[in-house]
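Notes for the one structure printed next.
Keep in mind that this is a model prediction, so the values were computed, not measured.
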Amino acid sequence: MKHMVMIKRVATLVLLGVALSGCSTVKGWFAGKDAAAKKALEPAELVKFEPTVKVDRLWSVNVGKGEKRIGVRQGPTVADGRVYAAAIYGGVHAIDLQTGKKVWTWEPAKEKKKPKLRLSGGPGVGDGLVVIGTLDSQVIALSAEDGAEKWRAKVPGEVIAAPAIAQGMVFVRSNDGRVTALDADNGTQRWFNPRELPALTVRGNAAVVTGPGVLFVGNDDGSVSALAMTDGRTVWDQMVANGEGRTELERMSDVDGAPVLEGNTLFVGSFKNQTMAIEGPTGRPLWSRDHGGAGGVALTSGNVFVTDNKGGVFGLDKNSGSAMWSQTALARRSLTGPAVQGDYVVVGDYKGYLHWLRTDNGELAARAKSGGDALLAQPVTADGILLVQNVDGKLTAFRLAQ
């Protein structure tokens, strides 16, 4: 009987379609609506403008086979004048920040009858170590000086976010929601903190951020947690965006961009287009605004910059969260999280373009292309240089012209 009802419904739809096809006016009416609806969902075309700042490409290198459609948002890390970057296949590389010359490269040894390791996320750097996770649930620690392998450890889930290193420990957030602390000397487990996942989550994890004696962790349920470094106990939980909605899709509220700690204040965004400033020691919300997304935040002395899921870029007042300006010319271009370079906020898009916007009013100031492949990871800035890695494994450095 159930199958009969389904057949009847299909037949009704077919007959209705035949009837409508006999009326060209009605057919054109619906076709027009479909075309308009389709156009409304397309990425905005890039508008022409007169650049007000010149951007120079400093160097570009390939670090291996990139993530393509895996969605781990692989990006570089900078420390002590070196850029550390990895690719899914291609190893880990230490690169001179100023020249782009490779200092060392580590590649996993080939093992018979074992699949090749798939390096994911970005490297974590600290205390003389470079630590990378894999899609195969491994954590690998290398010497920051020469790339020599120090140790390997196993965690329960794939690691797609950069590990953090502090107080003699390596902190790893795996894709099952668990945070594991490993001994920085030998990789043995010191403690772990589990987290239950929602039924449906956005692909990606926020990197763990270290603070004075605590870790700040973005969770897939839309919350941020502070964990004690010594034993992993939860110090506080704060909901950034509630997972409300009629469907699992509507309830997705992941915190997938790394929180940013400045002084005692933590700034964090959620997939639900929510950005919040939180008092770090207590977890008390200072303000919350309906602007932002899962890509992460960037700061200047007076502002917080965010991108949302629709391709909007916003400048918020750091003290109140009030919107100072918004830029919608890049709508639906799948923007990365923002970075700040000089007096400009920079975002990347799905076509490999980088866009420089003025921090004071959001006006477009410059545009450059890093290659033909999509940019997913939030750009990184260090010593006035902006770095971006695309999904094909191409790492490019840009400098503002003097």
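Between Val260 and Val209, the closest side-chain pair of non-hydrogen atoms is not below 4.5 Å. Two residues are said to be in side-chain contact when any heavy atoms from C-beta on lie closer than 4.5 Å; Leu316 and Met324 fail this criterion.
Using modelled atom types, one finds no donor on one side chain facing an acceptor on the other under 3.5 Å when comparing Thr180 with Gln189. The closest side-chain donor-acceptor pair between Asp237 and Ser225 falls under 3.5 angstrom.
Formation of a donor-acceptor pair under 3.5 Å by the Thr300 side chain with backbone atoms of Asn303 is found in this model. Under the 3.5 Å distance criterion, the side-chain polar atoms of Gln98 are left unmatched by any main-chain donor or acceptor of Gly81. A donor-acceptor pair under 3.5 Å is formed between the side chain of Asp308 and the backbone N or O of Lys310. In this structure, the side chain of Asn193 engages the main chain of Gly232 through a donor-acceptor pair within 3.5 Å. Between the side chain of Arg73 and the backbone N or O of Ile160 there is no donor-acceptor pair closer than 3.5 Å. No side-chain donor-acceptor contact under 3.5 Å links Asp146 to the backbone of Trp104. Using modelled atom types, one side-chain atom of Asp231 and one backbone atom of Arg233 make a donor-acceptor pair closer than 3.5 Å. Gln327 places a side-chain N or O within donor-acceptor distance of the main-chain N or O of Gly362, the cut-off being under 3.5 Å. No donor-acceptor pair closer than 3.5 Å links the side chain of Trp287 to the backbone N or O of Thr275. A side-chain donor-acceptor contact under 3.5 Å links Trp151 to the backbone of Ala184.
Atom CD1 in Ile140 sits 13.0 Å away from atom CG in Leu129 (nearest 0.5 Å).
When each of Leu261, Thr210, Val208 is checked for a side-chain contact (heavy atoms from CB on, under 4.5 Å) with Phe216, only Leu261 meets the rule.
Of all heavy-atom pairs spanning Pro43 and Arg332, the tightest one is CB-O, 3.4 Å.
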